[in-house]
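Single-structure report; data block below.
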2 protein chains.
Amino acid sequence: MSQHRHPGAPGRAGAVPALPDLPEATVARLPEYLRALHNLADAGHETVSSEGLSAAAGVNSAKLRKDLSHLGSYGTRGVGYDVALLIEQIEYVLGLTQRRAVALVGVGNLGHALAGYDGFASRGFRIAALLDADPSRVGEEINGLVVRHVDDLPTVAAEESLAIGVIATPAAAAQQVADQLVAVGVTSILNFAPCVLSVPEGVDVRKVDLAIELQILSFHEHRKASLTALPATGGSALTALPGGFAATDTQEAIGT
Amino acid sequence: MSQHRHPGAPGRAGAVPALPDLPEATVARLPEYLRALHNLADAGHETVSSEGLSAAAGVNSAKLRKDLSHLGSYGTRGVGYDVALLIEQIEYVLGLTQRRAVALVGVGNLGHALAGYDGFASRGFRIAALLDADPSRVGEEINGLVVRHVDDLPTVAAEESLAIGVIATPAAAAQQVADQLVAVGVTSILNFAPCVLSVPEGVDVRKVDLAIELQILSFHEHRKASLTALPATGGSALTALPGGFAATDTQEAIGT
DNA sequence: AGGCGCTTGTGAAGACGTGCACAAATCGCG
DNA sequence: CGCGATTTGTGCACGTCTTCACAAGCGCCT
């Protein structure tokens with residue numbers, strides 16, 4: 001059976017797309033695999049083993065195989081995975097075959113940077129609108145887009161099919177903006193404001209808080225310091241750090 | 001036993017700091033609790049119940065209680081938690097009692113925004129140096145700090161006790177910068193570049209990839225679309241989304 | 001054609017994280 | 001002083017995620 005069947009691949013619209021309900025942890029890793037695969041493709045590789053890909057993505061190879069097995073069987077035993085095919089598959093599953101329109105609300109410090117970030121465009125997204133509540137910012141042109149007032153959201157939504165809203169406003173404004181996004185039909189929100197958003201069921205919110213990331217690192221710093229600072233208390237000073245140190249989300253990595 | 005003992009609180013240096021080795025998932029939530037607590041303190045609350053705090057932080061109340069119980073017993077049954085005391089405790093555990101110096105490498109689009117982000121300063125960090133490899137950027141002043149060349153890192157490290165390095169360079173430069181940071185003794189790195197870093201054991205790396213967050217949201221969009229688009233295939237159309245939809249890291253929330 | 005080395009896909013076990021439900025503890029009030 | 005209302009802290013069961021280890025499958029070489 002060398003006939004690779006994409007279960008609902010872009011071209012051939014089968015009866016049921018049959019998106020297998022992937023474990024959330026797997027979904028979170030797929031983009032990482034995708035990035036690594038693009039690198040490999042650019043480097044001219046046509047196939048890659050789970051060992052090779054997992055190294056490039058910074059994960060355990062067994063984990064990678066299990067993740068990919070959830071998408072279906074796209075590897076060849078004894079050979080590895082077809083890079084191009086796997087890219088196509090992952091992009092399909094992630095819904096990246098269509099370029100999704102993103103509305104970015106809040107054109108302050110961070111919003112400016114996001115508006116100019118080319119990583120969005122190069123990885124399947126298109127910033128469709130820039131919005132802000134501050135009238136003095138409305139009209140400003142950033143990266144070829146004119147900032148519109150946030151109250152124009154209904155108009156924007158009528159022009160474009162907005163898939164995702166990005167909130168880069170101060171915390172105080174975030175909830176109101178979220179409500180406005182939800183009101184025009186946005187069902188996925190990426191929130192950079194340091195606050196909790198209430199949204200109706202069916203709306204997904206992901207949060208990115210830069211300060212929180214630093215605070216987590218700070219904890220580990222504190223811990224490392226409290227360990228190495230031990231002069232002679234009980235256990236012997238450990239030159240190598242104790243096991244179980246590798247964090248869930250943290251690479252701890254092998255040099256070489 | 002109403003005598004609250006901080007197990008290694010700032011002032012009283014006990015024999016052993018005894019940082020309880022917290023579950024990583026707990027550590028990741030503590031900053032969120034801390035933020036919620038600061039809000040409560042500003043609003044004049046002196047105590048808060050686990051129910052109230054968990055709502056403000058967007059988590060389950062049982063989870064919150066279990067998380068806090070790992071720090072020790074700082075609540076009072078029938079009353080709740082002392083807001084000020086809990087803030088002090090969490091800040092101690094996270095190592096925020098000392099203001100940590102952060103070196104930011106890469107003053108491009110994103111780096112600029114990070115340099116101007118006041119969320120760092122207000123939550124326990126101090127940007128101690130801005131660095132870039134591009135000579136044309138060296139000398140530029142941002143937010144009162146002059147950009148220095150990345151090769152000056154050893155000098156910077158000699159002046160300041162750098163705790164954390166932030167990499168906001170293009171992916172191609174990230175590994176080299178990481179090596180330089182490690183070389184001057186930095187043991188915690190926050191990486192915004194879309195690539196995997198190799199670092200020696202004992203160095204913690206956390207990664208933030210903005211495009212990945214969008215891609216995860218894209219998956220959920222795709223999935224929601226493939227569900228609602230089902231015309232009449234097998235099962236009946238679900239008006240309410242199926243269970244198991246709430247993601248690990250995603251709030252799905254109640255809009256009252 | 002057959003065997004050998006390599007790689008995938010997966011069963012099973014263990015570690016980890018979550019959430020319920022309840023006993024223990026504390027406060028306030030009569 | 002005792003009782004009831006309230007809230008913490010936690011034992012337990014369940015689900016998810018990770019990791020090992022290995023059988024099954026594939027291609028290549030002889």
Side-chain angles (χ1 to χ4, degrees), chain A residues 1-4 20-30 32-33 45-83 85-86 89 242-252, chain B residues 1-4 20-30 32-33 45-55 57-83 85-86 89 242-252 254:
Chain A
M1 201 196 276
S2 62
Q3 172 203 5
H4 289 290
D21 50 351
L22 307 173
E24 191 58 29
T26 295
V27 173
R29 281 187 295 264
L30 286 181
E32 196 70 46
Y33 302 156
H45 292 75
E46 300 211 339
T47 64
V48 64
S49 68
S50 66
E51 201 67 43
L53 182 54
S54 70
V59 302
N60 182 298
S61 70
K63 202 190 304 194
L64 174 101
R65 285 198 300 275
K66 186 148 287 186
D67 283 342
L68 294 185
S69 77
H70 290 162
L71 309 185
S73 242
Y74 293 104
T76 307
R77 292 165 134 102
V79 177
Y81 298 91
D82 181 302
V83 172
L85 176 63
L86 202 48
Q89 258 315 299
F245 202 7
T248 320
D249 197 18
T250 305
Q251 24 162 322
E252 183 98 357
Chain B
M1 206 195 273
S2 61
Q3 171 204 5
H4 290 291
D21 49 351
L22 307 173
E24 191 58 28
T26 296
V27 173
R29 281 187 295 265
L30 287 182
E32 196 70 47
Y33 302 154
H45 292 75
E46 299 211 338
T47 64
V48 64
S49 69
S50 67
E51 202 67 44
L53 181 53
S54 69
V59 302
N60 182 298
S61 71
K63 202 190 304 194
L64 174 101
R65 285 198 299 276
K66 188 151 291 188
D67 282 342
L68 294 186
S69 77
H70 290 159
L71 310 186
S73 241
Y74 293 103
T76 307
R77 292 163 132 104
V79 177
Y81 298 91
D82 181 302
V83 172
L85 176 63
L86 202 48
Q89 257 316 298
F245 203 8
T248 319
D249 196 18
T250 306
Q251 24 162 320
E252 183 99 357
I254 12 67

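Every chain is numbered from 1 and lettered A, B, ... according to where its sequence line falls, protein lines coming before strand lines.
Residue A/Tyr81 has its side chain nearest to C/dG9 when only C/dG17, C/dG9, C/dA21 are considered. Distance from the side chain of A/Arg65 is smallest for D/dA21 among the nucleotides D/dA21, C/dC20, D/dG9. Distances from the side chain of A/Thr76 to the nucleotides C/dG9, D/dT7, D/dG27 place D/dG27 closest. Distance from the side chain of A/Lys63 is smallest to D/dT18 among D/dT18, C/dG19, D/dT8. Of the candidates C/dG19, C/dT8, D/dT10, the closest approach to any side-chain atom of A/Ser49 belongs to C/dT8.
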request  = Test side-chain contact (heavy atoms from CB on, under 4.5 Å) on A/Leu86 and A/Leu53 and set out the steps.
outcome  = CA-CA 11 Å; A/Leu86 202 48; A/Leu53 182 54; 4.1 Å; yes

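Remark: A/Ser50 is not in phosphate contact with C/dT7, judged by side-chain N or O atoms under 4.0 Å from OP1 or OP2. The shortest distance between the side-chain N/O atoms of B/Asn60 and the OP1/OP2 oxygens of C/dC20 is below 4.0 Å.
D/dC17 atom P lies 11 Å from atom CG of A/Asp21, rounded to whole Å. Rounded to a whole Å, the CD atom of B/Glu51 is 15 Å from the C1' atom of D/dG9. In this entry the distance linking CG of B/Asp82 with P of C/dC27 reads 13 Å, nearest Å. Atom C1' of nucleotide D/dC17 and atom CD of A/Glu24 are separated by 12 Å, given to the nearest angstrom. At whole-Å resolution of the value, CG in A/Leu68 and P in D/dT18 are 14 Å apart. Atom pair B/Asp67:CG and D/dT10:C1' shows a separation of 13 Å (rounding to whole Å applied). Atom CG in B/Leu85 sits about 14 Å away from atom P in D/dT8, given to the nearest Å. We find that CG of A/Leu64 is positioned 14 Å from C1' of C/dT10, with the value rounded to whole Å.
The base of D/dT8 lies close enough to the side chain of B/Arg77 for a donor and an acceptor atom to sit less than 3.5 Å apart. At a cut-off of 3.5 angstrom, the base of D/dT19 holds at least one donor-acceptor pair with the side chain of A/Lys66.
We find the CG-OG1 distance between A/Leu68 and A/Thr26 to be 9.0 Å, quoted to the nearest 0.5 Å.
Proximity of B/Ser61 to B/Arg65: side-chain heavy atoms (C-beta onward) are separated by under 4.5 Å at one or more points.
When every heavy atom of B/Tyr81 is checked against every heavy atom of B/Ser49, the shortest pair comes out as CD1-C, 4.5 Å. Residue B/Glu32 comes nearest to B/Ala57 through the heavy atom pair CG-O, 3.7 Å, listed as atom of the first residue, atom of the second, then distance.
When each of A/Pro23 and A/Gly78 is assigned the nucleotide of DNA chain D with its nearest heavy atom, A/Pro23 is the one assigned upstream, toward the 5' end.
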